[in-house]
Amino acid sequence: MTSPPVSNSRLDTDRQAVDQTALTGYALGLGDDVLILAQRLGEWITRAPQIEEDIALGNIALDLLGQARTLLSYAGELEGAGRDEDDLAFLRDEREFRNLHLVEIENGDFAVTMARQLIFSAYQCELYSALLTSTDPTLSALAGKAVKEVDYHRDHATQWVLRLGDGTPESHDRMQAALDLIWPYVEEIFDSSDIVAALPGIAADPAAFRAAWTAYVENVIGEATLTRPTPKWRSRGGRTGYHSEHLGHLLPTMQNLHRSHPGATW
Amino acid sequence: MTITVEAVRPAPPTVEQLRDIAGSVPDPEIPVLTLRDLGILRDVQITADGTVDVTLTPTYTGCPATAVIAADVETALRAAGVDRLLVRTVLSPAWTTDWMSHEGRRKLVDYGIAPPGACRPAAAAPRPIGLTLSARCPRCGSTNTREISRFGSTPCKSLWSCLACAEPFDSFKAI
């Protein structure tokens, strides 16, 4: 992450009335989601079932990393403490990350990764569609760009869930097992938050697009001859810095180079 | 007898010339295309204090070529004698393949890459699952082609195979 960040931000007078702390937290939460998922997807490179999937998952990770750079740069700028995207990505510890549990859990098999991709990219499609009308110019500009990228991600995951779910008995069972494993992490996406409530017109309330998300995902699950799981537990706490053990294992891999060689550039 | 010699400096390039220079910079990943062909050079202005203000937009937010493109534009304009230069990258309005020039599309075909079709509707618009329009093979022109992967050698391309001439090819994704 050595090149200049992409940003449309302008400090303007409208910003005075906005809850800066909430906006910083909002950008950080969205940025951490895509940063951590980009890191997870990168783990598939050289390990995917086909070389085309190495490339596809690498490409999707790259899109997410681009979104993360914009969001984390913006969060750093709003925070005003002189931290840039690299400081936020590589020098924070586990409790300071604000991502959902969904993106940090281990990849599992390919079906687990595709179940997560379906759920997350369908969420991102709705999120960025809603942020198109955000009154925050940086968030709406990013949304205009990213909504077209995540549309491809959602298509990709949809194709795989259909193919595996409506495939052989083995692929069907593993796709169903993957959905069962992932589903406890769904509810957290739609939790209400003080941050979103403090940013009317700026943040997108996930509860407002839950119906659209459900319609899309359930349609795919139905077409794939799969069953929507009914989990007995649910994750919570990612947005306030409480994480599963998986994030603690991911961070050293992601941060080691930067921490071992401060200021290193390509 | 004294001879007065006035230093003759070349006239500074006009804004039209600067646009032409910046627009002629080749894309680092698909060098047959210029930035003008791609439609990612959004604006070149000369501000009141003489600074040349260049606005670029990325094809994808994570496109690694973005920084290289900005550096290439800077190199080209510096070579043309520009001292005060500001190269900015903005996300809005979001780049779309609809901004690619006809000339650019023709060059892509000659280069062996299927050009993008018309842009698809936005993500939120409902549409049937699994519909994929076929890309025309840039080598033999057949539309009897098959998508191998939605993601290709760069973020902006997908991977296809021609069932008529059996050659693989890249297709520029419509976004």
Side-chain angles (χ1 to χ4, degrees), chain A residues 2-8 34 38 50-70 121-122 124-126 128-130 132 137-138 140-156 158-159 162-163 209 212 215-216 219-220 223-224, chain B residues 40 42 55-72 74 86-98 116 119-132 146-161 168 170 173-175:
Chain A
T2 52
S3 50
V6 172
S7 171
N8 275 20
V34 281
Q50 306 170 343
I51 193 167
E52 289 82 6
E53 282 308 301
D54 271 10
I55 296 167
L57 295 172
N59 265 290
I60 292 169
L62 192 60
D63 286 343
L64 297 181
L65 197 59
Q67 296 164 22
R69 295 189 57 188
T70 302
S121 56
Q124 279 200 303
C125 280
E126 302 301 335
Y128 286 133
S129 295
L132 287 172
T138 303
S140 64
L142 172 67
K145 191 82 214 138
V147 74
K148 302 198 273 185
E149 299 168 359
V150 299
D151 188 35
Y152 268 99
H153 304 177
R154 186 178 68 172
D155 261 4
H156 173 258
T158 299
Q159 301 301 326
L162 290 174
R163 186 170 160 189
F209 54 71
Y216 184 88
N219 186 28
V220 175
E223 291 236 354
Chain B
I40 61 174
R42 299 313 298 157
T55 313
L56 299 168
T57 193
T59 54
Y60 284 72
T61 48
C63 183
T66 306
V68 180
I69 290 168
D72 289 350
E74 177 168 357
L86 179 66
V87 180
R88 293 182 296 139
T89 304
V90 299
L91 293 181
S92 182
W95 180 79
T96 161
T97 40
D98 291 349
C119 209
R120 303 189 307 166
R127 60 169 185 275
I129 292 172
L131 175 68
T132 305
R146 182 171 70 92
E147 186 183 57
I148 296 171
S149 174
R150 305 214 152 180
F151 298 87
S153 53
T154 65
C156 54
K157 287 177 284 178
S158 56
L159 199 57
W160 289 68
S161 173
D170 276 346
K173 291 193 280 198
I175 71 162

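Letters A, B, ... are given to chains in the order of the sequence lines, protein chains preceding strands, and every chain is numbered from 1.
The structure places OG of B/S158 at 11.5 Å from CD1 of A/I55, a figure rounded to the nearest 0.5 Å. Atom OG1 of B/T61 is separated from atom CD of A/E149 by 3.5 Å, given to the nearest 0.5 angstrom. Going from atom CD1 of B/I148 over to atom CD of A/Q50 covers 10.0 Å, rounded to the nearest 0.5 Å. Here CH2 of B/W95 is found 7.0 Å from NZ of A/K145. Values are rounded to the nearest 0.5 Å.
Nearest heavy atoms, A/D63 versus B/P155: OD1-CB, 4.4 Å. Nearest heavy-atom pair across B/G152 and A/N59 is O-ND2, 3.0 Å. A pairwise comparison of heavy atoms in A/A141 and B/S92 identifies CB-CB, 3.4 Å as the closest pair.
Counting only heavy atoms from C-beta outward, the side chains of A/Y152 and B/I175 approach each other to under 4.5 Å.
For a residue to count as touching a neighbouring chain, one of its non-hydrogen atoms must lie under 4.5 Å from one of that chain's; by this rule B/T59 touches chain A with the backbone only. Both the backbone and the side chain of B/T96 have a heavy atom closer than 4.5 Å to some heavy atom of chain A.
Taking a 6.0 Å sphere around CG of B/L86, one finds it holds more than 12 heavy atoms contributed by other residues, nucleotides or ligands.
With respect to B/F151, the side chain to side chain contact (heavy atoms under 4.5 Å, CB included) criterion is satisfied by exactly one of A/L57, A/I60, A/D54: A/I60.
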